[in-house]
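Below is one structure; the comments refer to it alone.
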Amino acid sequence: MFGTNILPHGKILLMKPTSGYRHFWGWLNAVFNKVDYDRIQSVGPDRAASEWLLRCGAKVRYKGFDRWQQDYNGLPTGPLGKYKIQAIDATESCIMNKGFDYLDGLQHVEEIKLQKCIYIEDLCLERLSNMENLKNTLIHLELISCGNVSDRGIISLHKLTNLEYLLLSDLPGIKDKVKTVQMLQTALPALQTEVDLD
């Protein structure tokens, strides 16, 4: 519950509680990431993944469209399978590993941006790297200001054999940036890597 203070002129100020607030948001974010396999079956992987991503605060761009979709209530309707996710921008979203099953059926994702995602960790990157569909399609990946990502998660990206561009920026969990980037570059010689980890 919120506390209240009555200010001069009769205005009321709502105050955040000091305990339980983070726990509540962590619980709510976990609920947003719960995978509904029946929903995937009934509406298809792209629609179900779109709903998950937008519910968590991310946005998507569909194949053949320039505009980013970020309004959950404005998700396009039409024949199942018409809208294929080509790009995901998860900036400041609450996506977490438990929701990544939504990505399993996506066949057209070329670009993913993970910026200021507090729940993205090594396990998430390992999971992305092991998805056969993403190994075939993902060519552009950005990891920016994700504090729970370490060298281990970055090295796991070597399995994304079609990756052409990787941006690594503000990742304090990376301790040996030179060695980590070299290992990745050795595994993926054609990869263009942009690194800003100072």
Side-chain angles (χ1 to χ4, degrees), residues 21-36 40 45-62 68-72 75 85-106 108-131 133-135 137-160 163-177 180-181 184 191-198:
Y21 184 72
R22 286 187 182 178
H23 176 73
F24 169 75
W25 284 108
W27 170 83
L28 185 61
N29 291 335
V31 169
F32 286 162
N33 279 276
K34 186 176 181 200
V35 179
D36 184 343
I40 296 172
D46 288 273
R47 173 65 187 213
S50 296
E51 293 172 355
W52 164 61
L53 289 161
L54 271 61
R55 190 168 53 239
C56 290
K59 54 187 176 181
V60 298
R61 194 179 72 240
Y62 297 110
W68 287 91
Q69 179 67 44
Q70 56 188 7
D71 178 8
Y72 183 91
L75 275 169
I85 297 175
Q86 185 174 29
I88 297 168
D89 182 347
T91 299
E92 296 183 338
S93 72
C94 69
I95 64 170
M96 59 180 69
N97 185 55
K98 72 183 295 183
F100 274 36
D101 282 4
Y102 280 111
L103 301 176
D104 281 334
L106 304 182
H108 303 275
V109 178
E110 297 178 359
E111 178 183 337
I112 296 177
K113 181 177 184 178
L114 302 170
Q115 180 174 358
K116 296 182 180 177
C117 299
I118 62 172
Y119 299 110
I120 294 298
E121 56 192 347
D122 292 340
L123 190 59
C124 299
L125 299 184
E126 291 167 1
R127 185 93 182 275
L128 284 177
S129 301
N130 285 315
M131 290 182 182
N133 54 328
L134 290 182
K135 287 181 189 180
T137 64
L138 191 64
I139 57 174
H140 183 111
L141 179 61
E142 297 182 18
L143 292 163
I144 305 163
S145 303
C146 295
N148 294 318
V149 170
S150 76
D151 303 72
R152 187 182 110 202
I154 300 303
I155 291 169
S156 74
L157 299 175
H158 77 276
K159 295 179 182 178
L160 296 170
L163 200 61
E164 296 176 2
Y165 175 82
L166 176 65
L167 170 63
L168 304 174
S169 178
D170 186 26
L171 301 170
I174 295 180
K175 302 306 180 193
D176 193 347
K177 66 178 181 180
T180 296
V181 171
L184 204 53
L191 178 65
Q192 178 190 345
T193 308
E194 189 173 340
V195 181
D196 180 14
L197 297 176
D198 295 325

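Below, all heavy atoms of this structure are taken into account, side chains as well, without hydrogens, waters or symmetry copies. Each residue takes its place number in the sequence, starting with 1.
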dist Leu197:CG -> Thr180:OG1 (nearest 0.5 Å) comes out at 9.0 Å
Measure the shortest side-chain to side-chain distance between Asp71 and Gln69 over non-hydrogen atoms and say whether it is less than 4.5 angstrom.
-> yes
inquiry  = Strictly distance-based, threshold 3.5 Å: is any side-chain N or O of Asp46 a donor or acceptor partner for the main-chain N or O of Ile85?
reply    = yes
Could you walk me through whether Ile95 and Ile88 pass the side chain to side chain contact (heavy atoms under 4.5 Å, CB included) test, one step at a time?
CA-CA 11 Å; Ile95 64 170; Ile88 297 168; 5.7 Å; no
Show me the side-chain donor-acceptor pairs of residues 139-150 shorter than 3.5 Å, one per line, residues at least two apart or across chains.
from, atom 1, to, atom 2, distance (Å)
His140, NE2, Glu142, OE2, 2.8
Ser145, OG, Asp170, OD2, 2.6
Asn148, ND2, Ile118, O, 2.7
Ser150, OG, Asp122, OD1, 3.3
Ser150, OG, Asp122, OD2, 2.4
Ser150, OG, Arg152, N, 3.3

In this structure, OG of Ser129 is separated from CG of Leu134 (nearest 0.5 Å) by 9.0 Å
All heavy atoms of Val35 vs all of Gly99, minimum pair found to be CG2-CA, 3.9 Å
Between the CG atom in Leu163 and the CG atom in Leu157, the distance rounded to the nearest 0.5 Å is 7.0 Å
Here the gap from Ser50 atom OG to Arg55 atom CZ, rounded to the nearest 0.5 Å, amounts to 10.5 Å
(message) I want to check something: taking the side chain as every heavy atom from C-beta on, are Leu114 and Leu125 in contact at a cut-off of under 4.5 Å?
(response) yes
Heavy atoms of Lys159 and Asn130 approach each other most closely as NZ-OD1, 2.8 Å
Here the gap from Leu123 atom CG to Phe100 atom CZ, rounded to the nearest 0.5 Å, amounts to 9.0 Å
For side chain to side chain contact (heavy atoms under 4.5 Å, CB included), just list the numbers for Leu103 and Leu128, CA-CA rounded to whole Å, side-chain angles, deciding distance to a tenth of an Å, and then say yes or no.
CA-CA 8 Å; Leu103 301 176; Leu128 284 177; 3.7 Å; yes
Practice problem: Given side chain to side chain contact (heavy atoms under 4.5 Å, CB included), test Val181 with Ile174 step by step and report yes or no. | Solution: CA-CA 10 Å; Val181 171; Ile174 295 180; over 6 Å; no
Does Leu106 reach the side chain of Thr137, with side-chain heavy atoms less than 4.5 Å apart? no
A side-chain contact here means heavy atoms from C-beta on lying under 4.5 Å apart; do Asn33 and Cys56 qualify?
yes
Fit a plane to each ring of Tyr102 and Trp52, take the angle between them on a 0 to 90° scale, and name the class: parallel (under 30°), tilted (30 to 60°) or perpendicular (over 60°). parallel
By salt bridge (charged side-chain N to carboxylate O under 4.0 Å, His left out), Lys98 pairs with (sequence neighbours left out) none
Leu171 and Ile154: side chain to side chain contact (heavy atoms under 4.5 Å, CB included), yes or no, with the steps? CA-CA 10 Å; Leu171 301 170; Ile154 300 303; 4.3 Å; yes
All heavy atoms of Lys59 vs all of Leu54, minimum pair found to be CA-CD1, 4.1 Å
Across all chains, not counting sequence neighbours, the salt bridge (charged side-chain N to carboxylate O under 4.0 Å, His left out) partners of Glu51 are Arg39, Arg47
Here the gap from Phe32 atom CZ to Met96 atom CE, rounded to the nearest 0.5 Å, amounts to 10.5 Å
Nearest heavy-atom contact between Ser93 and Gly57 is CB-C, 3.8 Å
